[in-house]
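Everything below concerns the one structure shown next.
Every heavy atom of this structure was used, including side-chain atoms; hydrogens, water molecules and symmetry mates were not.
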Amino acid sequence: MALLEVENLKVEFPTRKGVLTAVDNVSFSVEQGEILGVVGESGAGKSMTGAAVIGLLEPPGRIGGGQIRLDGKRIDNLSPDEMRKVRGRHIGAIFQDPLTSLNPLFTVGKQLIETIRTHLPMPAAEARKRAIEWLAEVGIPAPDRRIDQYPHQFSGGMRQRVVIALALCAEPRLIIADEPTTALDVSVQAQIIALLKRVCRERNAAAILVTHDMGVIAETADRVAVMYAGRLAEIGPVARVLQKPSHPYTAGLMGSIPRIGPRPDRLVQIEGSMPRLTDIPKGCAFNPRCPKAIAECHHLRPELRPVADGAAACLLYEGVTQ
Amino acid sequence: MNAAPARMKVVDDRPLLSVKGLKKHFAMSKPLLNRLIEGGETQTVKAVDGLDLEIPRGQTLSLVGESGCGKSTVARLIMGLSTPSAGSILFDGADISQAPAGQPAAVRRRMQMIFQDPYASLNPRWRVRDIIAEPLRTYGLCASREEERREVDRLLEFVGLNSRDGDKFPHEFSGGQRQRISIARAISTKPEFLVCDEPTSALDVSVQAQILNLMRDMQRELGLTYLFISHDLAVVNFMSDWIGVMYLGRLVEVSPAAQLFNSPQHPYTRLLLDTIPDLGMSKRDCVPASGEVPNPINPPSGCHFHPRCALANDRCRRETPNLRAHDNGVRVSCHAVEEGRGDLPAVASAGNDHAAQAVI
Ligand SMILES: Nc1ncnc2c1ncn2[C@@H]1O[C@H](COP(=O)(O)OP(=O)(O)OP(=O)(O)O)[C@@H](O)[C@H]1O
Ligand SMILES: Nc1ncnc2c1ncn2[C@@H]1O[C@H](COP(=O)(O)OP(=O)(O)O)[C@@H](O)[C@H]1O
Ligand code: SF4
Ligand code: SF4
Ligand SMILES: [Mg+2]
Ligand SMILES: [Mg+2]
């Protein structure tokens, strides 16, 4: 059994103009120790998927259908109190802006110690020792002194290290990292990504890494899920999806990313832009931009089906032909 | 694409833009509490600290570097949006370094700027038509309303929008379309030179590709010269003939683009190239650099990069290196490169994040 199973997940926002579906029928699983990358353009539903799994959807957002199971047990229908225990102990979170995860009024040590003792009962002195070990583990120099400092005394990259320590100190088996390096400089980004990878590997923790940066995914993830307009377009092993994408959207996306190397005259261009939630096209959501669209794409919605060593949602793989 | 009349190709090998010794220092007073404790002196941020560069006609020079290294400040100085503390800015031979924005008109209308945030740079209460026409009016470039209307329609279509879009407001457009509007506005005065400060950083990759393609097409068709600013090296690779790498207000290396990627010379350039996540390097274990970008308020002595550089020695801590010309048009400011000991591994690896470099 996979560590995390997400089945037909729907995330909805009721609005005056009707219910908007931000995540629409998304299914995937994450194995023990695996890093699953989630990519897609802004508004594709990446963060909402992560927030649903960790039980942090902001009202009026709500899970409108489907199931989320951790170790086979449903966690999508837990009470806020029960979910708070799962969060931290079993699932850790890292967000883009380290300041949202850190309380500016308390020293980093106090926050670490409290998190450790909430989930792993132990005397305060021992928790402090653990906290110092964690700061060292995430590469904070002189952790025995830094532990008594406040978040604002750390630089951006250092704060994100503290957040990683905070997400990991209760030894969760799944980490959800939503754009953990987007606010950081490239040289610092590389440090944080390497750290996250190493810690996951050493502790056999699994991670869902949400980012719009394909380069980060290429270097970090085992498998990648590509989202478009709230739906899963494709999922599969990273190297294969990047080199030989099955879905026309993934193919366009890969071609449109500039690369280091010989300089082409033009980048591959997908015309138009992703639709808003209020006007998702009928049939395949990608059809107005798809160079391979056939007549059926305008009214039939493709299902996610096994393709190659992964899965894709495209009518071209459903035996629909012209 | 509905091209503007092709310009005659005049061979002129003087650089269109030439910047020498450019500096911008900001006086910063410390927060009150610190002043009370530590004494009252003000500090200076040396946002740009002695910059030399030239951009040949019809080519693109890009500035790269991490946040706060001074890229946008250089852009603002060149556009006259900020006055240099020292140095000269020659545009086609005319020194505009002390001239305010828009002055002298005969020179300034030949240079325009595109900003990162296409929303903030467009007046939300104006129709797109008026936004695009504003520079035409400022410089009195259209004889009649009718001519102005025709010109705006032409510009809208040139950047891939519809002439009907002129009657809408900015909020009715997506980020990519808004950036097309800013481009139409920027090229309305038929400038020869565009300063583009992170023009695609706020856009999604598929939309970024559309805008970058448009900018390359425009350069080919209109013979434009670009100063392009980005922190994304892959974007810079696609756009540039020349690349200048900045670190804390100074240029550490200026090279032909291919040269910079194939054989980066400065230890900081090498660090940047080693640390960017790249699609080609699937599941690589990169060796991250230690340390963070230091604070520009109190930059390290000598070579600003020395605390992060494995090749640093006493001379580096004492003496500021200058840009020196090497073969193939490469200019580097590094004592180790100058002394011929620049080939050693340049980056101190980051303590326990260290992992062997393995490319799968
Ligand atoms: N008006 C100002 N007053 C004081 N300091 C300033 C001012 N403008 C810029 N600076 C400082 O000058 C330095 C360079 O800033 P600049 O905006 O040019 O950086 P940048 O390279 O464009 O960074 P980014 O990649 O984040 O856009 C920074 O340390 C910044 O804080
Ligand atoms: N409070 C809300 N009300 C209505 N729509 C929302 C709300 N929050 C998010 N959305 C929509 O949900 C969609 C998915 O958002 P998100 O998961 O944040 O995208 P991503 O992380 O992929 O950029 C977007 O179209 C967004 O506009
Ligand atoms: S279903 Fe049709 S429109 Fe959608 S991706 Fe496949 S071919 Fe393109
Ligand atoms: S070798 Fe010296 S001069 Fe060169 S980058 Fe390193 S510290 Fe600077
Ligand atoms: Mg998001
Ligand atoms: Mg800037």
For A:P264, is it the side chain, the backbone, both, or neither that has a heavy atom closer than 4.5 Å to a heavy atom of chain B?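 Contact with chain B: backbone and side chain both.
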At a heavy-atom separation under 4.5 Å, does A:V199 approach chain B through its side chain, its backbone, both, or neither?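 Contact with chain B is absent: no heavy atom of A:V199 under 4.5 Å.
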Side chain to side chain contact (heavy atoms under 4.5 Å, CB included) partners of A:P288, counting only residues at least two apart: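 Checked A:P288 against side chain to side chain contact (heavy atoms under 4.5 Å, CB included); matches are A:P281.
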Who in residues 35-46 of chain A is close to chain B, using a strict under-4.5 Å heavy-atom cut-off?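 Answer by number: A:E41, A:S42.
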Hey, what do you get for CZ (B:R178) to CG (B:L203), rounding to the nearest 0.5 Å?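 If I round to the nearest 0.5 Å, the distance is 10.0 Å.
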Qualifying salt bridge (charged side-chain N to carboxylate O under 4.0 Å, His left out) pairs, either residue in residues 235-246 of chain B, two or more places apart: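 Salt bridge (charged side-chain N to carboxylate O under 4.0 Å, His left out) check on residues 235-246 of chain B returns A:R263-B:D241.
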Below 4.5 Å from any heavy atom of chain A, which atoms of B:L272 appear? Answer side chain, backbone, both or neither.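 Answer is side chain: those atoms of B:L272 sit under 4.5 Å from chain A.
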Can you say whether B:F261 sits under 4.5 Å from chain A via the side chain, the backbone, both, or neither, judging by heavy atoms?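 Just the side chain, heavy atoms under 4.5 Å.
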Among B:H304, B:M246, B:E66, which residue satisfies the side-chain contact (heavy atoms from CB on, under 4.5 Å) criterion with B:Y268?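 It is B:E66, the one option of B:H304, B:M246, B:E66 that forms the side-chain contact (heavy atoms from CB on, under 4.5 Å) with B:Y268.
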Taking NZ, NE, NH1 and NH2 as the nitrogens, is one of them in B:K71 or B:D197 under 4.0 Å from a carboxylate oxygen of the other?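 No, this pair does not count.
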Who are the ring-ring contact (aromatic ring centres under 6.0 Å, His included) partners of A:Y249, not counting sequence neighbours?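 Residues passing ring-ring contact (aromatic ring centres under 6.0 Å, His included) with A:Y249: A:Y228, A:F286.
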Let me see the working for B:D165 and B:Q177 under side-chain contact (heavy atoms from CB on, under 4.5 Å), right down to the final yes or no. CA-CA 10 Å; B:D165 290 331; B:Q177 289 170 322; 5.7 Å; no
Do any N or O atoms from the side chain of B:D204 and from the backbone of B:S206 form a donor-acceptor pair under 3.5 angstrom?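 Absent.
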